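Along the sequence shown, residues are numbered consecutively beginning with 1. Please read all numbers here as calculations on a predicted model, not as lab measurements.
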Amino acid sequence: MDIPFKPIRLEDKKTITSLTWPSDYRNCDFSFANMCSWRFLYDSEFAVVDGFLLIRFLIEDKSRMAYMMPVGTGDLRHAISLIEEDSLKHGHPLCMLGITPDAKEQLEVAFPEGFFYIPERDYYDYIYLREDLTFLRGKKYQAKRNHINNFKKLYTYEYLPITPEIVPECLKLECKWYKANNTENEEEELNDERRSLTYALHHFGDLDLIGGAIRVNGEIVAFSFGAPINHNTFGVHVEKADVSYEGAYTVINQEFAAHLPEQYIYVNREEDLGIPGLRQAKLSYQPAILLEKSAAIKKQLS
């Protein structure tokens, strides 16, 4: 059968989240805000068939179709068979990305030894307990507490939720951050991130984003925002700070976690993309879960 795929749009939020919200997948790619704000880069499409959310998108310079793990309840084997048929029509064996250990377990039940799995370390998600990020208890967080205390000695600041009124100020800080971090090698990636971030800020309410900012002397010096991934995991999608304010990143991290609704036990701070400094920073917060993600390639019958 032809799957009725269609582009992911803002108006599809209720349909998509009705399946991702109750699921136990904590993969950051299942955040609707991520799907919607990055759709331009991957031409992401979705369909709901027989109780499963099916998502496909383009990779390798839009030359190959890839898929996410079907989300829902029912006959997983049937859902996989549908997307495999779709993939083969596009000329490639089925390739699913972002396959976590729990998803792999389900695939192995449905298709014993039916897939090759290729771990992708640069795309592992860093997941923390919200309480750890909020209270920074114990010796392992001593350095973080020191950064925050130094910031408080140097600056009088206020934490405020992101609202439409302060979006222009957040964009002004992002512009400053972009100029400070833009290099020829990274220009394309930063431009893509900028497009996604700007879209998200301009559709903040529609995407059900939650955000916060740090203001010093009337100026926004750091901000962060994200959205729920499922019923107990919140995804932090963006965090920007002016590094001339030493400790600003540590403060926005802690304040944002402290202001999140308590129903979110876990905070997913996404991948490090293989960037050494980012990896070091994310590891320094002692993740409760380093969520493995693999590519799963369906074996072809010989």
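The backbone N or O of Thr233 sits less than 3.5 Å from a side-chain atom of Asn230, completing a donor-acceptor pair. With Asp12 contributing its side chain and Ile8 its backbone, the two residues share no donor-acceptor pair below 3.5 Å. The main-chain N or O of Thr15 is found under 3.5 Å from a side-chain atom of Ser18 such that the two form a donor-acceptor pair. A donor-acceptor pair under 3.5 Å links the side-chain atoms of Asn268 to the main chain of Arg26, judged by distance alone. Formation of a donor-acceptor pair under 3.5 Å by the Ser23 side chain with backbone atoms of Thr20 is found in this model. Proximity of a side-chain donor or acceptor of Gln300 to a complementary backbone N or O of Lys298 within less than 3.5 Å is detected. Using modelled atom types, one side-chain atom of Arg145 and one backbone atom of Leu136 make a donor-acceptor pair closer than 3.5 Å.
Phe5 is connected to Leu53 through a chain of hydrophobic side-chain contacts under 4.5 Å among Ile, Leu, Val, Met, Phe, Trp and Tyr, so both are in one cluster. Ile127 and Tyr264 are not part of a single hydrophobic cluster, where members link through side-chain heavy atoms under 4.5 Å apart. Hydrophobic clustering (side-chain heavy atoms under 4.5 Å, transitive across Ile, Leu, Val, Met, Phe, Trp, Tyr) keeps Phe116 apart from Met65. Transitive grouping of hydrophobic side chains (ILVMFWY, heavy atoms separated by less than 4.5 Å) keeps Tyr249 and Ile275 in distinct clusters. Grouping the Ile, Leu, Val, Met, Phe, Trp and Tyr side chains by contacts below 4.5 angstrom, directly or via other members, places Trp38 with Leu97.
Closest approach of Asp242 and Ala248 over heavy atoms only: O-CB, 3.9 Å. Nearest heavy atoms, Val49 versus Pro4: CG2-CD, 4.1 Å. When all heavy atoms of Gly98 and Asn27 are compared, the closest pair comes out as O-ND2, 2.9 Å. For Ala110 against Leu76, the heavy-atom pair with the smallest separation is CB-CD2, 4.4 Å. Nearest heavy-atom pair across Cys95 and Ser87 is N-OG, 4.4 Å. In plain terms, the two heavy atoms of Ile3 and Ala47 that are nearest each other are CG2-CB, 3.5 Å.
Under the salt bridge (charged side-chain N to carboxylate O under 4.0 Å, His left out) criterion, the residue pairs touching residues 102-122 are Arg121-Asp272, Asp122-Arg279, with sequence neighbours excluded. Applying the ring-ring contact (aromatic ring centres under 6.0 Å, His included) rule to pairs touching residues 194-216 yields Tyr199-His203, Phe204-Phe225, sequence neighbours excluded. The list of ring-ring contact (aromatic ring centres under 6.0 Å, His included) pairs with a residue in residues 56-77, not counting sequence neighbours, is empty. Applying the ring-ring contact (aromatic ring centres under 6.0 Å, His included) rule to pairs touching residues 122-154 yields Phe151-Tyr155, Phe151-Tyr157, sequence neighbours excluded. The list of salt bridge (charged side-chain N to carboxylate O under 4.0 Å, His left out) pairs with a residue in residues 59-70, not counting sequence neighbours, reads Asp43-Lys62. The list of ring-ring contact (aromatic ring centres under 6.0 Å, His included) pairs with a residue in residues 7-34, not counting sequence neighbours, reads Tyr25-Phe30. Listed by first and then second residue, the salt bridge (charged side-chain N to carboxylate O under 4.0 Å, His left out) pairs involving residues 243-264 amount to none (not counting sequence neighbours).
To the nearest 0.5 Å, atoms OG1 (Thr100) and CD1 (Ile289) are separated by 10.5 Å. The CE atom of Met69 sits 4.0 Å away from atom CG of Leu107, with the distance rounded to the nearest 0.5 Å. Atom CD1 of Ile99 is separated from atom OG of Ser294 by 8.0 Å, given to the nearest 0.5 angstrom. Annotation: the span from Leu10 atom CG to Asp206 atom CG amounts to 5.0 Å, rounded to 0.5 Å. Atom-to-atom distance recorded for Ile59:CD1 and His92:NE2 is 8.5 Å, nearest 0.5 angstrom. Taking CD1 of Ile55 as the reference point, atom CD of Glu45 lies at 11.0 Å (rounded to 0.5 Å).
Residues Tyr266 and Ile229 fail the side-chain proximity criterion, which asks for heavy atoms closer than 4.5 Å. Using a 4.5 Å heavy-atom threshold, the side chains of Pro119 and Glu292 count as separate. Side chains of Glu270 and Asn34 form a contact here, defined as non-hydrogen atoms less than 4.5 Å apart. Considering only heavy atoms from C-beta on, Phe46 comes within 4.5 Å of Lys6 through its side chain. Side-chain contact between Lys144 and Asn253 is absent, with no heavy atoms from C-beta onward closer than 4.5 Å. Two residues are said to be in side-chain contact when any heavy atoms from C-beta on lie closer than 4.5 Å; Glu271 and Asp125 meet this criterion. Taking 4.5 Å as the limit, some side-chain heavy atom of Cys28 sits within range of a side-chain heavy atom of Lys293. Side-chain atoms of Asp192 and Phe40, non-hydrogen and from C-beta on, do get closer than 4.5 Å to each other.
Heavy atoms of other residues, nucleotides or ligands lying less than 6.0 angstrom from NZ of Lys140 number more than 12.
Remark: Arg9 engages no residue in a side chain to side chain donor-acceptor pair (under 3.5 Å) (not counting sequence neighbours). Residues passing the ring pair (Phe, Tyr, Trp, His ring centres under 6.0 Å) test with His231: none are found, sequence neighbours excluded. Scored by the ring pair (Phe, Tyr, Trp, His ring centres under 6.0 Å) test, Tyr42 finds no partners at all (sequence neighbours excluded).
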- Message: Using the rule given for side-chain contact (heavy atoms from CB on, under 4.5 Å), can you reason through Arg195 versus Leu41, listing the C-alpha separation, both sets of side-chain angles and the distance that settles it, and then say yes or no?
- Response: CA-CA 10 Å; Arg195 185 173 169 184; Leu41 190 60; over 6 Å; no
- Message: Would Phe256 and Leu133 count as a side-chain contact (heavy atoms from CB on, under 4.5 Å) here? Give the steps.
- Response: CA-CA 9 Å; Phe256 187 49; Leu133 297 181; over 6 Å; no
- Task: Give the intermediate values and the outcome of side-chain contact (heavy atoms from CB on, under 4.5 Å) for residues Asp132 and Gln286.
- Result: CA-CA 9 Å; Asp132 284 350; Gln286 314 290 329; over 6 Å; no
Which atom pairs, donor and acceptor, lie under 3.5 Å between side-chain atoms of residues 78-85 and protein residues at least two apart or in another chain?
from: His78; atom 1: NE2; to: Asp50; atom 2: OD2; distance (Å): 3.1
from: Ser81; atom 1: OG; to: Arg77; atom 2: O; distance (Å): 2.9
from: Glu85; atom 1: OE2; to: Met1; atom 2: N; distance (Å): 3.2

Identify each donor-acceptor pair in which a side-chain atom of residues 212-224 lies under 3.5 Å from a protein atom, sequence neighbours left out, and give them as a table.
from: Arg215; atom 1: NH1; to: Glu158; atom 2: OE2; distance (Å): 3.4
from: Arg215; atom 1: NH2; to: Glu169; atom 2: OE2; distance (Å): 3.3
from: Ser224; atom 1: OG; to: Val238; atom 2: O; distance (Å): 2.9

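For the pair Arg130 and Phe234, the cation-pi criterion (under 6.0 Å, within 45° of the ring axis) is not fulfilled.
Between Lys13 and Asp208 there is a salt bridge, since at least one side-chain N of the basic residue sits less than 4.0 Å from a carboxylate O of the acidic one.
Side-chain polar atoms of Tyr178 and Asn191 form a donor-acceptor pair below 3.5 angstrom.
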